[in-house]
2 protein chains.
Amino acid sequence: MKGKATSFDIAHYAGVSQSTVSRALRNSPLVNEETRKRVFEVAKQLNYKVDKNASNLRTQQSSTLALLLFEDPTADESQINPFFLAMLGSITRACAAQGYDLLVSFQSTSADWQADYEDSHRADGIILLGYGDYVDYQAKFSSLIEQNTKFVCWGASVDNRPDLTVSCDNYGGGKLAAAHLLRANRKDCAFIGDASEHSPEFFARYQGFKDEFNQHGITLSERKMANAISTEESGYHATRSLIANNIHFNSLFAASDLIAIGAIRALKEAGIKVPDDVHVVGFDNIAVASFTNPPLTTVQQDTTLAGQMLVDNLLKLIRGEVVENTLLPPSLIIRGSSI
Amino acid sequence: MKGKATSFDIAHYAGVSQSTVSRALRNSPLVNEETRKRVFEVAKQLNYKVDKNASNLRTQQSSTLALLLFEDPTADESQINPFFLAMLGSITRACAAQGYDLLVSFQSTSADWQADYEDSHRADGIILLGYGDYVDYQAKFSSLIEQNTKFVCWGASVDNRPDLTVSCDNYGGGKLAAAHLLRANRKDCAFIGDASEHSPEFFARYQGFKDEFNQHGITLSERKMANAISTEESGYHATRSLIANNIHFNSLFAASDLIAIGAIRALKEAGIKVPDDVHVVGFDNIAVASFTNPPLTTVQQDTTLAGQMLVDNLLKLIRGEVVENTLLPPSLIIRGSSI
DNA sequence: CTACATTATGACACCGGTGTCAGGGTTGAA
DNA sequence: TTCAACCCTGACACCGGTGTCATAATGTAG
């Protein structure tokens, strides 16, 4: 046998036409049971597999989804944000459960990313994932919508299209963190992260956090905020700069766990004790969080559910069904860094 | 414009034949420069993208690789081994660098996994990754080879085909770990992991470890070995059972970092101090390792290089080039758990 | 001016399936 | 006996590209 078997080969050996082979293999009710059996046997013997390219070409769909992972351009090349890796895992599983394949692709946030997986008929839809500067992306989103490309987006909202977003209730998560610190009477709080509209998720976390404090009659000081992207390094440097400027605080809310871990390192280095001197709360509950010293209190995002919802919503969009905005409830995981 | 543009649409608007469009877009030297320019303009205007299915069908190749990730069936559903996630990241990058797409798929080690991505022409080759029980897989490997499926395998060797394997020098890594413990005179050592032929990687690590001790005239006691798969839980329980049996040791080598982290938890719980009472060394250098308490000494595998080599070797196999067995050098990362 | 190489293009078969349509064979009722 | 209904199957166009071959147009040498 030279090359891979085609449906014609099977037709030949089974003594039927190629049309019948195709029908038999796809369990068309039109085919006689005996014929089907014979076809299946020959197919198995020849180790026949349907050529997906031919099949997809004809049916104009691919049973494949594409995942675009945006990385913070300044992040260390070698390490990928563990939160997104966890998401990737759950998305892969959710795809498999639905009988879809998953194409994974990394995109640099800075570069002019392309979402041509659907245009080229390689995928039926696209999942966008990352802590990107979504402000820059709204134009891109518009053109995707215009081209009728099916996509869903994690975290950030798409103008006028709430149905295209799945996200954690970042605002509510921020409130959870604030309430926790307030219960321990740690009212003098620093915030590390980007609270601008460029990082909508971080922004929402900060808003919820601030509002909860406000509702307790406390106004957070702008001086106690430091900008950081979601890396350990960035969290470390931001916190160092606060310390260097002699800014005092007895608690710290980081916009992500990686930032929190960097913050803890900076605090320790400065001889500031966690949690005795400063209570620290992060966001995400990445795997590392439970192993830090002290273990990190954090707001957990349910990545398993998130992956499922992204895939489910995208498939609904592809099928033309109506999708509603999906907000997933966060939960507070209390560990040693704030007890 | 209804539906997506095809090369015929472009041909129509550019006033040339469809053949010429195809040639122009693929920069064939046969096409006149002006014609090409016109074609490109029209293509851009219509937002044309080559239909990959049609293209792949005709050329019989897909510019896509498939990654099969095997999970330990007993591992926690929700969490994926961080070492493999790191590999996934580097493989994705390596693929992108070579202009290939990557299909990711999780496979349960227990189930009868299928590698039909190549048979169905969806991928040009397959990367196998996981701590599977490779003994069971040799038959599968044989049939893959017989069908002329292109694949490379991380870690475990394929009978008679060293060129299909990329792995870390696990034996050498084991020796590194042993030499390190011996330098600190921690000769009374426990081993946690599976040292059977079912886990060839763990087995090699143990062999190297043992041989290094032997070369120093020390024979490791079988009583101080406990079986574990690569999870924190498993490492925890294995270590607990050693302690429960009153087995004494002043150092511990774990076949993987996750196991080591579980072991540290068990030791702490039993009031045994790390590193004072017991030095602990792991294997992999996963991201968590530097955040444990104390930070974990471990044998590092270069995941970036590993991903590159897997992709490079696979592409060579696909192109019919000769590939040599690839052994990547490990390196020892010394941290607080053994100082 | 003829002979032949060179360049640019179009026509067409082909990749391996899917879906439609027509038709052969059997059965059963009129 | 005839006709319809039903079941099953084969022939064939089609999806959207790629690659080969033929050919027209232009150039170049003898």
Side-chain angles (χ1 to χ4, degrees), chain A residues 1-40 42-43 46-64 116-124, chain B residues 1-40 42-43 46-64 116-124:
Chain A
M1 188 96 215
K2 73 264 175 214
K4 302 216 187 290
T6 72
S7 53
F8 285 90
D9 298 322
I10 298 183
H12 176 73
Y13 287 110
V16 293
S17 74
Q18 182 269 339
S19 302
T20 302
V21 171
S22 175
R23 276 190 290 257
L25 292 176
R26 281 173 306 130
N27 294 314
S28 157
L30 293 174
V31 177
N32 182 287
E33 216 34 66
E34 260 180 60
T35 313
R36 184 197 316 287
K37 222 180 122 191
R38 206 163 66 245
V39 167
F40 265 99
V42 176
L46 298 186
N47 190 41
Y48 170 81
K49 294 279 153 43
V50 173
D51 185 315
K52 282 289 175 183
N53 290 316
S55 171
N56 293 345
L57 172 58
R58 183 63 228 249
T59 60
Q60 300 289 41
Q61 47 150 299
S62 61
S63 290
T64 300
D116 59 0
Y117 288 94
E118 210 216 314
D119 294 327
S120 62
H121 290 277
R122 245 204 295 242
D124 297 334
Chain B
M1 188 98 215
K2 73 269 174 205
K4 302 215 189 289
T6 72
S7 54
F8 285 91
D9 298 322
I10 300 182
H12 176 74
Y13 286 110
V16 292
S17 75
Q18 182 269 340
S19 303
T20 302
V21 171
S22 175
R23 276 189 291 256
L25 292 176
R26 280 172 307 130
N27 292 314
S28 157
L30 293 174
V31 176
N32 183 287
E33 215 35 64
E34 262 179 58
T35 312
R36 183 195 319 287
K37 223 181 121 190
R38 206 164 63 247
V39 167
F40 265 98
V42 177
L46 299 187
N47 190 41
Y48 171 80
K49 293 280 153 43
V50 174
D51 185 316
K52 282 288 173 185
N53 290 316
S55 171
N56 292 344
L57 172 59
R58 182 63 226 246
T59 59
Q60 300 289 43
Q61 45 150 305
S62 62
S63 292
T64 300
D116 59 359
Y117 288 94
E118 211 215 316
D119 295 326
S120 62
H121 291 277
R122 244 207 284 244
D124 297 334

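Just so it is clear, the structure is predicted and the values come from calculations on it, not from any experiment. All chains are named by letter (A, B, ...) in the order of the sequence lines, taking the proteins before the strands, and each is independently numbered beginning at 1.
Between A:E33 and A:R36 there is a salt bridge, since a side-chain N of the basic residue sits under 4.0 Å from a carboxylate O of the acidic one.
Between the P atom of C:dG19 and the CG atom of A:N27 lies a distance of 14 Å, rounded to the nearest Å. Between A:R58 atom CZ and C:dC14 atom C1' there is a gap of 16 Å when expressed in whole angstrom units. Protein atom CG of B:N56 is 15 Å distant from nucleotide atom P of D:dG16, rounded to whole Å. Rounded to an integer number of Å, the gap from CZ of A:R26 to P of C:dG17 is 11 Å. As a whole-Å value, the separation of B:F8 CZ from D:dG16 C1' is 7 Å. Atoms CG (A:N32) and P (D:dC7) sit 12 Å apart, rounded to a whole Å. Rounded to an integer number of Å, the gap from CG of A:D9 to P of C:dG16 is 9 Å.
With hydrogens and angles ignored, a donor-acceptor pair closer than 3.5 Å exists between the side chain of A:R23 and the base of C:dT20.
Set against D:dC12, D:dT18, D:dT9, the side chain of A:L30 has D:dT9 as its closest nucleotide. Comparing C:dT20, D:dC15, C:dC12 against the side chain of A:L57 picks out D:dC15 as the nearest. Proximity note for A:V50 (side chain, C-beta onward) versus C:dT9, D:dG17, C:dT18: the nearest is C:dT18. Nearest nucleotide to the A:S55 side chain, out of C:dT9, D:dG17, C:dG17: C:dG17. The B:T59 side chain lies nearest to D:dT18 when the options are C:dG19, D:dG16, D:dT18. Proximity note for A:T6 (side chain, C-beta onward) versus D:dG10, D:dT9, C:dG17: the nearest is C:dG17. If you check C:dT18, C:dG10, D:dG17 against the side chain of B:T20, the one that comes closest is C:dG10. Counting only heavy atoms from C-beta on, B:D51 has its side chain closest to D:dG17 among C:dT9, D:dG17, C:dT18.
Distances shorter than 4.0 Å separate none of the side-chain N or O atoms of B:S17 from OP1 or OP2 on C:dA11. Residue B:Q60 has a polar side-chain atom (N or O) positioned under 4.0 Å from OP1 or OP2 of C:dG16. Note on B:S19: every side-chain N or O is 4.0 Å or more away from OP1 and OP2 of C:dT9. At C:dT18, one or more side-chain N or O atoms of A:S22 fall inside 4.0 Å of OP1 or OP2 (strictly under the cut-off).
B:A54 and A:L57 make their closest contact through CB-CD1, 3.8 Å (heavy atoms, listed as atom of the first residue, atom of the second, distance).
Comparing A:V16 and A:H121 against DNA chain D, the residue whose closest nucleotide sits nearer the 5' end is A:V16.
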